[in-house]
Amino acid sequence: MEKNRRTFLKAAGASAVGLSIAPAMKAHAFGEYFMPSDQTGQQENALIGKHWGMVIDLTKMTEEISAKLTEVCHAAHNVPKLDNIKHEIKWIWGEHFDHAFTDHMNLYISDAMKHAPVPVLCNQCENPPCVRACPTKATFKREDGIVLMDFHRCIGCRFCMAACPYGSRSFNLQDPRNGLENRKPTNPQFPTRMKGVVEKCNFCAERLAVGKIPLCAEVSEGAITFGDLSDPESEIRKVLSASFTIRRNPGLGTGPSVYYIVGGGGDHA
Amino acid sequence: MLEKAIKGTKNYWLLLIVLSGIAGIGFLVYLNQFSFGLGITGLRRDVTWGFYIAQFTFLVGVAAGGVMLVLPYYLHDYKAFGRITILGEFLAVGAIVMCLLFIVADMGQPIRAMNVILNPTPYSMLFWDFVVLNTYLVLNIVIGWKLLEAERNYVKPPAWVKVLIYISIPCAFGIHTVTAFLYSGLPGRHFWLTAVLAPRFLASAFAAGPSFLILLCLIVRKFTNFDPGTKAMRTLMKIITYALIANIFFFACELFTAFYSGIPSHISHIQYLFMGHDGHGVLVPWMWTSMTLMVTAIGLLIVPSIRNNEKMMPVLCLMVFFGTWIDKGMGMMAGGFVPNPLHQYNEYVPTVKEIIITLGVYATGFMVLTILYKIAVSIKEEVKA
């Protein structure tokens, strides 16, 4: 009797899962961007680095590419679209030059830079103030330099948000699943968050684990180079040595790992 | 001694009923916040601490202010404070209870609060704030209780209580210094990134705390047979005068550094608070009210005949209390977050629900305070009789 009941429940459970997954699978038309978030075991093809970094070439950046980065990233990471602008969650988004680079005030900046959207995201700092501030180690720096969040440990004190000098962090002022209705398709492979925790860009740690570079770099049409800053032979180091790059507020001592190539004349945009 | 808390006049019970009513309403609204999330408040992505943390910061100061009775009595043998140090200690208890409740009210995941203990993180200032606040709370409960017990039994308090008192004095400075360090160690928040923040916090604390104490003393004198003593209150008024002048002086130092250096990121926050920016300026009238209250209070406090006049005392204390409350509460929060690190102006205004929850926490703290003061005063009356 007991056994029968258990078998029945199993079967019922399985079919329920099947019923709910089937439409979800169909919904993911651009599933090529969705990768499993399972980080329990390291896969053979995982990308291993000592200090992951990014170079964003603003001379190649257009409104379209910038908007695409945001859309694709937010879809892949189930970042909610909420009606209340105050509750907004952002992982990567386009800013004006003077907001992104507050210490580079320049009235006579080139037209190209004045109008280029500057994608901003977590800078994966070498010396992250958010990690210093967190009272529970819910946000921490991994060996490869990526600053990550443990959503199950975060107590929602928002000290990390006060500490971040780049405004890169968002707080779930309500259940983010409320905002997934407007966000279709969602990605069942990546965990959704709960209310009351902080979240931010994770440099696509879930993709690195399966040998893929971050999504924004992949869809950037060559505007974003991703790689290991500690490897002098890496592509990213070659890009860095070939161009003049700047970082956001390096004077604060945070050591941002995201670099920007700024343009000269107006013929790029 | 607890029996003193359950034997009281009709007014005592009425006060407790009213306070518990407000606390109850606050709790009901909090349930709404608990289920929906902090989105019911006016907080937003750019202003992530608001009314709750403003109250927390201010009340840490009120708690620390009690030391202005303890220190002169125990370190300088200033006898006039002897009979009321207990009021300072119990005020600290009530204030810290409110501080802790405000922290819980502000947490996104309050049920995980113990993660701070389970994963102690010594490089986080919040961890240390948690440690010093709780230490100070326990110290004041034990000290207050033991002193009162000794007084009731006409014996000297045990020697170890005195040791605890000596520990509690630096602890009082510690709670407010560490609370200031929550803010003053953050890169990119230039309004807070100043070494004078902790001294300024202490100065405003030693103005606000004693102001509140005098108000409580006047209430105690009016409704009970215990007289805290005119001399003690006059000395406290003198302490308030110096502390308030120091607070304004530190603020003037901030103004000089920001405006003479001309560094925009230092200027912009002060400008936003007092002048507004491009149509954003909800706090402008509040900040000017605060400054007017504090500066006028200084003008009146430095005149001995006004300062020592008992009719003027409550007026002056209310001016100081509300002036510092705006300055260190909302002014300190919104000033730090607006403009944001990207120099964008997104303002914050608390919602009605947020204010009701805040009142609920205040009512709870005042209940604790009422009960503790009732016990203390009853024993004082008993000893006197």
Side-chain angles (χ1 to χ4, degrees), chain A residues 82 84-90 95-96 98-103 105 120 125 127 129-138 140 150-176 178 194-198 248-249 251-254, chain B residues 33-50 53 103-104 106-130 182-183 185-190 192-193 264-265 268 333 336-337 339-344 346 348:
Chain A
L82 293 158
N84 189 340
I85 185 80
K86 287 182 177 177
H87 299 181
E88 190 179 26
I89 309 283
K90 296 191 278 197
E95 277 292 348
H96 285 291
D98 50 346
H99 290 307
F101 299 97
T102 49
D103 55 352
M105 290 170 188
V120 293
C125 299
N127 181 18
C130 53
V131 170
R132 222 180 304 145
C134 178
T136 62
K137 303 186 191 89
F140 56 95
D150 181 341
F151 301 119
H152 299 275
R153 189 184 277 194
C154 176
I155 59 171
C157 69
R158 281 107 69 216
F159 201 6
C160 56
M161 298 180 76
C164 176
Y166 304 107
S168 296
R169 293 176 160 261
S170 307
F171 178 67
N172 287 293
L173 283 150
Q174 58 171 290
D175 190 338
N178 296 341
M194 67 204 306
K195 67 168 184 266
V197 299
V198 173
R248 296 176 65 201
N249 287 325
L252 297 175
T254 53
Chain B
Q33 180 187 304
F34 189 80
S35 68
F36 182 83
L38 278 155
I40 65 143
T41 67
L43 295 173
R44 58 195 302 162
R45 194 178 185 279
D46 282 340
V47 186
T48 44
W49 287 335
I53 295 297
I103 296 243
V104 173
D106 189 68
M107 286 168 79
Q109 284 290 333
I111 48 170
R112 296 183 189 162
M114 284 304 132
N115 276 5
V116 178
I117 311 281
L118 292 172
N119 310 289
T121 311
Y123 44 74
S124 171
M125 283 303 120
L126 205 59
F127 166 73
W128 288 110
D129 212 31
F130 188 89
L182 293 178
Y183 305 102
L186 306 176
R189 303 278 180 192
H190 293 284
W192 297 334
L193 190 71
S265 53
S268 58
M333 283 308 110
F337 282 113
N340 74 3
L342 286 79
H343 292 192
Q344 293 151 334
N346 291 313
Y348 159 81

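Treat the numbers as computed from the prediction; the structure is a model and nothing was measured. Every heavy atom of this structure was used, including side-chain atoms; hydrogens, water molecules and symmetry mates were not. Letters A, B, ... mirror the listed sequences (proteins, then strands); counts begin at 1.
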Starting at [atom1] of [X], measure out to [atom2] of [Y] and round the result to the nearest 0.5 Å.
| X | Y | atom1 | atom2 | value |
| --- | --- | --- | --- | --- |
| Asn115(B) | Asp150(A) | CG | CG | 9.0 Å |
| Gln33(B) | Leu173(A) | CD | CG | 10.0 Å |
| Leu252(A) | Arg189(B) | CG | CZ | 11.5 Å |
| Leu186(B) | Cys160(A) | CG | SG | 11.0 Å |

Do you know which of [options] has the most heavy-atom pairs with chain B at a distance under 4.5 angstrom?
| options | value |
| --- | --- |
| Val131(A), Thr254(A), Thr136(A) | Thr136(A) |
| Thr102(A), Asn178(A), Val197(A) | Thr102(A) |
| Arg153(A), Met194(A), His96(A) | Arg153(A) |
| Pro129(A), Cys154(A), Ala100(A) | Cys154(A) |

Open item on the list: Taking side-chain hydrogen bond (donor to acceptor under 3.5 Å, both in side chains) as the cut-off, I'd like each qualifying pair that reaches into residues 36-46 of chain B, sequence neighbours left out, listed once.
Closed with: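 For residues 36-46 of chain B: Ser170(A)-Arg45(B), Asp46(B)-Asn340(B), Asp46(B)-Asn346(B).
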Engaged part of [X] at the chain A interface, taking heavy atoms whose separation is under 4.5 Å:
| X | value |
| --- | --- |
| Phe337(B) | side chain |
| Leu182(B) | both |
| Pro264(B) | side chain |

Task: Segment of Phe159(A) engaging chain B (4.5 angstrom heavy-atom cut-off) - done: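 Both backbone and side chain.
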TODO: Name the region of Arg169(A), side chain, backbone, both or neither, that has any atom closer than 4.5 Å to a heavy atom of chain B.
DONE: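 Backbone of Arg169(A) only, per the 4.5 Å heavy-atom cut-off to chain B.
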Would you say the side-chain atoms of [X] pair up with the backbone N or O of [Y], donor to acceptor, closer than 3.5 Å?
| X | Y | answer |
| --- | --- | --- |
| Gln109(B) | Cys157(A) | no |
| Arg158(A) | Asp106(B) | yes |
| Ser124(B) | Ala133(A) | yes |

TODO: Inspect the surroundings of CG in Leu118(B) and state if more than 12 heavy atoms from other residues, nucleotides or ligands are less than 6.0 Å away.
DONE: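 Counting neighbours around CG of Leu118(B), more than 12 heavy atoms of other residues, nucleotides or ligands fall under 6.0 Å, so yes.
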Open item on the list: Please check if the number of heavy atoms outside His343(B) that lie under 6.0 Å from its NE2 is greater than 12.
Closed with: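 Count over threshold, so yes.
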Task: Heavy-atom side-chain contact between Tyr123(B) and Lys137(A) under 4.5 Å - done: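 Heavy-atom side-chain distance check passes, below 4.5 Å.
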TODO: For chain A, find which of Pro341(B), Gly37(B), Gly42(B) contributes the most heavy-atom pairs closer than 4.5 angstrom.
DONE: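 The option with the most such pairs is Pro341(B).
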- [ ] Count the heavy-atom pairs under 4.5 Å between each of Thr121(B), Leu43(B), Ile111(B) and chain A, then report the option with the highest count.
- [x]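 Of Thr121(B), Leu43(B), Ile111(B), Thr121(B) has the most heavy-atom pairs under 4.5 Å with chain A.
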Task: For His190(B), all residues meeting ring-ring contact (aromatic ring centres under 6.0 Å, His included), sequence neighbours excluded - done: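 For His190(B) the ring-ring contact (aromatic ring centres under 6.0 Å, His included) partners, ignoring immediate neighbours, are His266(B).
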Task: Closest approach of His87(A) to Phe36(B) (non-hydrogen atoms, all atoms of both residues) - done: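 Shortest heavy-atom separation between His87(A) and Phe36(B) comes out as CE1-CE2, 4.3 Å.
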